[in-house]
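Structure record follows, encoded as structure tokens.
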Amino acid sequence: MNLLPGHPGSCWLSTAPRTTYPPVEGSLHAETIIVGGGIVGLTTALRLCEAGASVIVVEALRIGGQVTGRSTAKITTQHALIYRHLIETRGRELAQSYADANRSGAARIKEWIRQYDIGCDLESRPAYAYTSSPARRADIAAEAEAARELGLEAEAIDKAPLPFETAGALLFPDQAQFNPASYLAGLARAVVERGGQVFENSRAVLIDEASRWRVVTDGGHTLHAEHVVIATNMTVKSPVGMANRTQPRSHVAMAFRTDGPDMVDGMFIGIDDPTRSLRMGRDAKGPLLVALGPKFNTGQDGNVAARFQELEQWVRQRFPVRDVVWRWCNEDYDTADRVAFAGTPDPEKAAGFHIATGFNAWGISNGTAAGMMIADLVSAKSNPWVTLYDPARPYPKDFHKNADSQSILDDVEDIAPGQGGVLVQGDEKVAVWRDDAGRLHAVSATCTHKGCTVTWNNADRTWDCPCHGSIFAADGSVIHGPARKPLASVSL
Ligand code: FES
């Protein structure tokens with residue numbers, strides 16, 4: 001039985017305008033097809049539409065409902081501690097490029113919200129990265145100095161403005177927060193107003209190149225273009241494999257009802273283990289405290305529900321919150337050097353093919369910068385961030401951990417209501433879960449991406465792949481790629 005409190009789903013989606021774009025019908029063409037209606041895809045689309053280009057966006061599900069809509073939506077150049085790390089590992093020039101790209105991304109979001117009058121609860125807030133360990137004060141001071149060297153306003157302070165003890169914090173003033181799902185609905189509207197086309201419930205199941213790029217949707221309809229942008233969080237196709245360059249990981253997030261004034265004034269990220277993140281948000285009924293737990297490798301945690309319980313306990317010990325109203329898992333991909341992969345992976349062999357992935361949980365500003373850059377690449381304009389995000393740059397071969405080591409259950413009787421597991425039936429692995437009424441449901445346990453064995457997420461009630469982060473609904477349908485096809489039906 002799933003006893004977790006709160007509605008499954010992100011608080012941002014609950015108040016965002018509901019989009020109703022049609023699915024793709026027939027055969028269409030445009031200069032650029034963008035696969036994925038998240039922050040990268042819609043940023044790319046709007047930049048191109050503003051330049052007068054023809055654009056089609058195809059979203060597998062609903063605009064704003066996927067990874068961006070499940071983020072904590074901080075519009076900030078403060079990404080925990082990163083600038084000292086980048087200067088030391090990739091050099092001053094690339095660290096400067098990272099700062100510039102993210103500063104531009106953050107500014108672009110605010111400018112578009114103003115220009116297109118997008119109602120998305122944009123609020124100016126300071127960002128804090130805090131520690132509870134006196135031993136880490138030096139790290140914070142070094143980060144503040146590194147950020148200032150790169151032209152960012154940053155200050156090391158003695159403690160964070162939080163109602164529990166901290167030993168120091170990095171302050172970036174004048175950052176911002178918003179509702180990311182409402183923002184994406186506004187971007188989609190602006191794309192259409194500027195002559196672009198947006199389609200929902202149209203999953204790209206085939207992407208290939210003939211004389212031009214071709215995308216075939218699950219409805220059997222075909223799109224053609226000179227350029228294709230794969231903006232699906234993890235790329236569903238790429239001439240340079242992205243799966244082994246990235247590590248899929250998730251966080252649990254909860255939104256608690258609060259009374260009275262804001263419980264936190266700012267956006268907070270802890271730099272100690274286990275990391276936690278805090279900010280205020282709101283839904284239709286009022287303010288919420290939004291908290292995020294530490295990350296875990298997607299599909300590699302046997303008890304995601306316990307992570308929600310631990311996060312709720314941590315919050316209740318520190319804040320006088322009321323009920324848990326919303327809870328969700330968010331997902332992203334880490335990279336070894338903590339910088340996203342975005343751009344044109346192979347301009348010679350796959351000209352006109354562009355990707356973006358691996359945002360290391362800082363996809364709001366990085367994703368916007370990546371979208372801006374890809375729009376420049378499509379338009380054959382130079383862009384200063386091409387080297388920073390180079391998707392074909394070298395990577396350590398041991399970074400990605402496949403961890404395809406699903407334990408096998410002996411008997412369906414071992415599965416309690418709300419729980420799931422993998423059984424062997426003949427020569428096939430079967431993913432089985434039991435609903436609250438005691439009924440069993442089964443699909444193939446073999447991920448349709450590259451054949452790893454999926455694991456049960458007992459909080460979201462999804463089948464998650466430990467290899468490259470595909471997420472399937474309990475009935476096997478695809479929620480999140482790189483898989484494009486559902487888990488096969490199986491009879492027990
Ligand atoms: Fe790659 Fe499942 S996501 S094998």
Side-chain angles (χ1 to χ4, degrees), residues 35-36 38 60-61 66-67 70 203-207 218 230-251 295-302 304 329-336 340-341 345 355-361 363 391 395-408 420-424 427-433 442-490:
V35 182
L61 298 168
Q66 321 318 319
V67 176
R70 292 195 289 269
R203 184 173 296 282
V205 293
L206 177 71
I207 300 160
D218 50 0
I230 310 298
T232 51
N233 191 223
M234 168 47 72
T235 56
V236 294
K237 178 184 173 78
S238 173
V240 293
M242 283 293 133
N244 291 334
R245 294 166 187 261
T246 54
Q247 179 62 47
R249 87 299 178 290
S250 300
H251 293 269
K295 72 180 176 184
F296 58 97
N297 287 346
T298 305
Q300 296 181 26
D301 189 307
V304 178
C329 286
N330 81 357
E331 62 274 6
D332 199 0
Y333 292 79
D334 284 349
T335 63
F341 292 113
I355 62 161
T357 189
F359 290 101
N360 297 272
Y395 66 101
K397 301 289 185 272
D398 60 352
F399 175 66
H400 173 83
K401 306 278 184 278
N402 246 11
D404 184 20
S405 57
Q406 171 69 247
S407 57
I408 303 296
V422 174
L423 300 162
V424 173
D427 56 3
E428 185 176 28
K429 286 183 182 169
V430 182
V432 184
W433 77 284
V443 287
S444 168
T446 303
C447 177
T448 54
H449 177 229
K450 287 182 188 280
C452 291
T453 303
V454 296
T455 62
W456 180 244
N457 176 330
N458 62 351
D460 280 1
R461 298 190 171 189
T462 54
W463 293 107
D464 299 350
C465 184
C467 287
H468 314 112
S470 289
I471 297 175
F472 302 86
D475 66 2
S477 57
V478 179
I479 295 175
H480 183 271
R484 288 181 253 169
K485 297 199 171 134
L487 298 173
S489 301
V490 168

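One-based numbering, in listed order, for ligands and for the atoms of each.
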Discussion item. Among Leu423, Thr453, Val422, which residue satisfies the side-chain contact (heavy atoms from CB on, under 4.5 Å) criterion with Ile408?
Written reply: Val422
Worksheet item: Any side-chain donor-acceptor pair under 3.5 Å between Asp332 and Asn233?
Response: yes
Worksheet item: Among the N, O or S atoms that His449 has, which is closest to atom 1 (Fe) of ligand 1?
Response: ND1
Discussion item. Let's test your reading of the model: do Cys465 and Cys447 have SG atoms under 2.5 angstrom apart?
Written reply: no
Discussion item. I need the contact type for Ser470 against ligand 1. Using non-hydrogen atoms and a strict under-4.0 Å cut-off, is it side chain, backbone, both or neither?
Written reply: both
Practice prompt. Just need the protein heavy atom nearest to atom 4 (S) of ligand 1, so name the residue and atom and give the distance.
Written response: Lys450 N, 3.2 Å
Worksheet, complete the sentence: Atoms of ligand 1 under 4.0 Å from any heavy atom of Cys452, numbered from 1 in the order shown, are 4 (S)
Worksheet item: Hey, what do you get for CE (Met234) to CD1 (Ile355), rounding to the nearest 0.5 Å?
Response: 8.5 Å
Item to complete: Report yes or no: does Cys467 have an N/O/S atom closer than 2.8 Å to atom 2 (Fe) of ligand 1?
Response: no
Worksheet item: How long is the gap from CD on Gln300 to CD on Gln247, to the nearest 0.5 Å?
Response: 6.0 Å
Worksheet item: Measuring from the heavy atoms of Gly451, does anything fall under 4.0 Å of ligand 1?
Response: yes
Fill in: Aromatic ring pairing His449/His468, orientation class (parallel under 30°, perpendicular over 60°, tilted between)
perpendicular
Fill in: Closest approach to atom 1 (Fe) of ligand 1 by His468, given as the N, O or S atom name
ND1
Worksheet entry | Contact atoms of ligand 1, heavy-atom distance to Cys465 under 4.0 Å | 2 (Fe), 3 (S), 4 (S)
